[in-house]
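What you see below is based on every heavy atom in this structure, not just the backbone, and it leaves out hydrogens, waters and symmetry mates. Chain letters run A, B, ... following the sequence lines, proteins first and then strands; every chain starts at 1.
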2 protein chains.
Amino acid sequence: MTGRQASPSLAGAEDPIVFVIDDDSSVREALSSLFRSVGLRVEAFGSAHEFLQLKLPNVPSCLILDIRLPRVSGLDFQAELAKADIHIPVIFMTGHGDIPMTVRAMKAGAVDFLTKPFRDQDMLDAVTAAIERDRNSRDEAKVLSNLHELFATLTPRERQVMALVTTGLMNKQIAAEIGLAEITVKIHRGHIMRKMGAKSLPDLVRMAELLGIGPASGQPQT
Amino acid sequence: MTGRQASPSLAGAEDPIVFVIDDDSSVREALSSLFRSVGLRVEAFGSAHEFLQLKLPNVPSCLILDIRLPRVSGLDFQAELAKADIHIPVIFMTGHGDIPMTVRAMKAGAVDFLTKPFRDQDMLDAVTAAIERDRNSRDEAKVLSNLHELFATLTPRERQVMALVTTGLMNKQIAAEIGLAEITVKIHRGHIMRKMGAKSLPDLVRMAELLGIGPASGQPQT
DNA sequence: TGCGATCCTAAACGTCTGTATGATCCGCTC
DNA sequence: GAGCGGATCATACAGACGTTTAGGATCGCA
């Protein structure tokens, strides 16, 4: 039970959140104070483990990590997150980091890498950029997820036909390709358009592009 | 030395090239030797200015920069290249760089940032990655350039119709939209397909996507 | 065993597309 | 002024598309 309920009046679930992981409580407090002063929600943790206990809310957010965490290093934790398919923009801070560390972090997609002591404004700028990046990737992910949801309602046959349709083949060619009557392809095609919510063929083509549907990288068919 | 013609038999213009800029001739020679030992073409320069005199060949390549160049810093030079629309993967090396420099370089798209002394293998790995990245972006650029060439042969009216067609509108809707007879739209449409070399509507739609063509609501660029 | 989902097909009809053929008009260039 | 590319439109026709109506077949599951 997370007994936190700061603003009961507002839904609040749409506001960005900044997560902070640092074993130094004074750092946590300083950062929390900084972010709250600009109206950002903050959740601070003393270790990576504590952070992982949390169920991440579906709002734009970012993670501020000290390179030197209690058990695992910040870099390793960043890699862990990626492996666990947890995508959140990371901002590193360090008191005594080196260049190879920095390179590794940035290559792994870190938004920024700040050296202590840093200026408050630099941190805020980094957080703003990170939140914005997360907002965009969440938007994209949502669109994609909706598409996948629709695509999941297609039967195997319909998916197969969709791939061929969006390739540009005519109904009769598709029919010949998979050994059906042309009329049957038309029926499937109609179902596909309705289920996917496509208002036109170009619409469907763009959906297929986003879904990564092609003749080669499609679904293995029976 | 422009008199280089190592392999007269082969065209050679397809081989990747590594450009090196360092004011220390011993570094230039060491790197040149290293890269040649693995079969890479190398061109070394003592200053950024010299490098800019060169007309860059259209082959996969990358640029190795010392952060501390004679006049401008490596970072500034990287920014200059971007501003001059010269896109080439950059690998930095430095004897005494700091973290902010590293962050700036990586944010600006550097492939790697090596601290001297570095292991030969690390440099070779970075160069391999950089060349590969450049190869990919050149491939994409070529496809896009070919498309733009085709698109340039369209008349203004045809471009307008193409935008509407790929949006998913029917001929009669397009006709109403721009005040034409449906038959005229069909004619334009036929010309578009022929000029663009599209074998099907999905084909044309994908071209339009790459070209960033939409009804003023295309892809946000830059 | 019956129901529903999936898959297949046919006939029919209306709409949309694509491509001719032929023609007029405009603006520009040689 | 003749020629040319661009744009426009009409008529006509063949082919492609999409939907409806009306079946029949298989399979898994309640």
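Arg157(B) has its CZ atom 16 Å from the P atom of dC26(C), to the nearest Å. Between His188(B) atom NE2 and dT8(D) atom C1' the separation is 7 Å, expressed in whole Å. Put simply, CD1 on Ile174(A) is 16 Å from C1' on dC8(C), counting in whole angstrom units. Taking atom CZ of residue Arg159(B) and atom P of nucleotide dG6(D), one finds them 11 Å apart after rounding to whole Å.
Axis orientation changes by 30° from one end of the helix from dT1(C)-dA30(D) to dC30(C)-dG1(D) to the other, with each end axis drawn from 5 pairs and the value rounded to 10°.
Ion pairing between Glu80(A) and Lys83(A) fails under the 4.0 Å rule for side-chain N and carboxylate O. With salt bridges taken as basic N to acidic carboxylate O contacts below 4.0 Å, one links Arg138(B) and Asp134(B). Ion pairing between a basic and an acidic side chain is recognised when a charged N comes within 4.0 Å of a carboxylate O; Arg104(A) and Asp76(A) show such pairing. Salt bridge annotation for Arg206(A)-Glu209(A): absent, with no cationic side-chain nitrogen under 4.0 angstrom from a carboxylate oxygen. Of the charged side-chain nitrogens involved, none lies within less than 4.0 Å of a carboxylate oxygen, so that Asp23(A) and Arg68(A) do not count as a salt-bridged pair.
In terms of phosphate contacts, Thr155(B) brings no side-chain nitrogen or oxygen within less than 4.0 Å of OP1 or OP2 of dG6(D). Between Thr184(B) and dA7(D) there is no side-chain N or O to OP1 or OP2 distance below 4.0 Å.
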Next item on the list: May I have the step-by-step check of side-chain contact (heavy atoms from CB on, under 4.5 Å) for Glu50(A) and Ile21(A), ending in yes or no?
Entry: CA-CA 9 Å; Glu50(A) 283 179 48; Ile21(A) 305 182; over 6 Å; no

_side-chain contact (heavy atoms from CB on, under 4.5 Å) between Asp22(B) and Met93(B), intermediate numbers included_ = CA-CA 10 Å; Asp22(B) 197 307; Met93(B) 52 186 182; 3.2 Å; yes

Scoring nucleotides 12-30 of chain D by protein non-hydrogen atoms under 4.0 Å (B base, S sugar-phosphate only, - none) yields ----SBBBB----------

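Cation-pi geometry between Arg159(B) and Phe151(B) is met: the NZ or CZ atom falls under 6.0 Å from the ring centre, inside 45° of the normal.
Using a 4.5 Å heavy-atom threshold, the side chains of Ile131(B) and Ile17(B) count as separate.
Glu140(A) and Asn136(A) share no donor-acceptor pair across their side chains, judged by distance under 3.5 Å alone.
Remark: nothing in residues 202-210 of chain A comes within less than 4.0 Å of DNA chain D through any heavy atom.
In this structure, His148(B) places its NE2 atom where more than 12 heavy-atom neighbours from other residues, nucleotides or ligands lie under 6.0 Å away.
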